[in-house]
Engineer: 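Please see the structure below; I have some questions.
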Amino acid sequence: MGTVIFVSAGPGAADLITLRGARALARADVVLADALADPQLRELAPDARWIAVGKRGFEHSAKQTEINALLVRMAREHAVVVRLKGGDASVFGRLEEELLALQQAGIASEVVPGVTAALAAAAQAQRPLTRRGRGRSVSLTTAMTEAHELQAARSADTEVFYMAGRQLAALGRQLLGAGWPADTPTLVVSRAGCADAITSEHRVAELAAAALLHRGRPTVVTVGAGAAALGSCRAASTASPKIEVLPTPAPGLARA
Ligand code: SAH
């Protein structure tokens with residue numbers, strides 16, 4: 001009977017995995033990998049059988065059940081099984097179901113933390129998620145529910161929405177409905193942490209304008225204090241609708 005190590009792969013660029021995660025991959029006999037993980041991570045697990053199990057978008061429960069069963073079977077047949085998940089395994093990663101399946105089968109597990117998309121986006125745009133005095137709380141929210149309905153609220157000074165890429169217009173409307181002022185700064189970052197990341201800045205009322213720019217890419221939307229320009233004492237306000245594409249900071253992500 002083996003151990004399953006849940007390794008957080010980071011937001012998509014291979015070099016944003018942790019050292020601990022890389023070491024777990026080096027020991028792996030089998031890797032069950034998510035779709036968002038950088039294929040370059042395979043190089044860190046030269047001896048492992050690599051099985052792609054994840055898919056982009058909403059995972060159906062049937063599919064999740066199959067992944068749970070595969071995980072248990074692999075752990076019974078191998079010493080070290082790595083379950084590689086995009087971003088941080090604990091954030092919108094269906095970790096609960098998989099941990100529970102292992103627990104019920106009496107299989108030992110370990111979780112290695114990683115860089116979640118909200119943090120990668122903040123680093124990409126160089127907009128700190130917390131701000132002294134005015135950005136005291138951060139909430140991570142999925143824009144998707146089981147019923148595929150969009151739900152947005154105003155529960156923290158800074159709110160980061162995952163899985164909102166396909167419905168930016170609806171998200172903007174919901175945010176206004178939830179009480180965010182129309183000129184609330186909003187940052188949209190797709191493929192954060194990757195060499196081809198795109199960052200754009202909007203007022204909440206014009207969020208729809210970001211849809212085309214980020215279409216088809218994994219995207220997070222940061223709303224409120226953590227999206228504000230550096231040094232602005234509150235929500236940055238612009239008189240006219242504006243899409244500002246921020247220059248991508250020097251990536252330092254030279255790909256091999
Ligand atoms: N566990 C992951 C989240 C999985 S849900 C994490 O911690 O980041 C998938 C959603 O994550 C996507 O719809 C998108 O909203 C976000 N996401 C993942 N990678 C991203 C990236 N590189 N840039 C921006 N958003 C990303």
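Remember, it's 1-based here, ligands and their atoms both numbered in the order they're listed.
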Engineer: Can you sort out which atoms of ligand 1 are near Thr116, meaning under 4.0 Å from one of its heavy atoms?
Structural biologist: 6 (C), 7 (O), 8 (O)
Engineer: Does Glu97 have any salt bridge (charged side-chain N to carboxylate O under 4.0 Å, His left out) partners at least two apart in sequence or in another chain, and if so, which?
Structural biologist: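 Applying salt bridge (charged side-chain N to carboxylate O under 4.0 Å, His left out) to Glu97 gives Arg94.
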Engineer: Going by side-chain hydrogen bond (donor to acceptor under 3.5 Å, both in side chains), name the residues that satisfy it together with Asn68, two or more places apart in sequence or in a different chain.
Structural biologist: Gln64
Engineer: Any donor-acceptor pair under 3.5 Å linking the side chain of Asp88 with the backbone of Pro113?
Structural biologist: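 Side chain of Asp88 to backbone of Pro113, a donor-acceptor pair under 3.5 Å: no, none is there.
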Engineer: Does ligand 1 have any atom sitting under 4.0 Å from a heavy atom of Lys85?
Structural biologist: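 In this structure, Lys85 fails to qualify as a contact of ligand 1 - no heavy atom is under 4.0 Å.
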Engineer: Does an N or O anywhere in Pro11 fall below 3.5 Å from an N or O of ligand 1?
Structural biologist: yes
Engineer: For Gly86 and ligand 1, answer yes if some heavy atom of the residue is under 4.0 Å from a ligand atom, otherwise no.
Structural biologist: yes
Engineer: Relative to ligand 1, is Arg191 under 4.0 angstrom through side chain, backbone, both or neither, heavy atoms considered?
Structural biologist: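 The answer is the backbone.
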Engineer: Considering the heavy atoms of Val189, write down every atom of ligand 1 situated less than 4.0 Å from one of them.
Structural biologist: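 Near Val189, the atoms of ligand 1 are 24 (C).
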Engineer: Return yes when atom CZ of Arg20 has more than 12 non-hydrogen atoms of other residues, nucleotides or ligands closer than 6.0 Å, and no otherwise.
Structural biologist: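 Open: at most 12 neighbouring heavy atoms sit under 6.0 Å from CZ of Arg20.
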Engineer: Counting only heavy atoms, which portion of Thr219 has something under 4.0 Å from ligand 1: side chain, backbone, both, or neither?
Structural biologist: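 It is the backbone that touches ligand 1; the side chain stays farther off.
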Engineer: Taking Arg131 for the side chain and Gly226 for the main chain, is one N or O donor matched with an acceptor at less than 3.5 Å?
Structural biologist: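 Here the side-chain-to-backbone pair exists.
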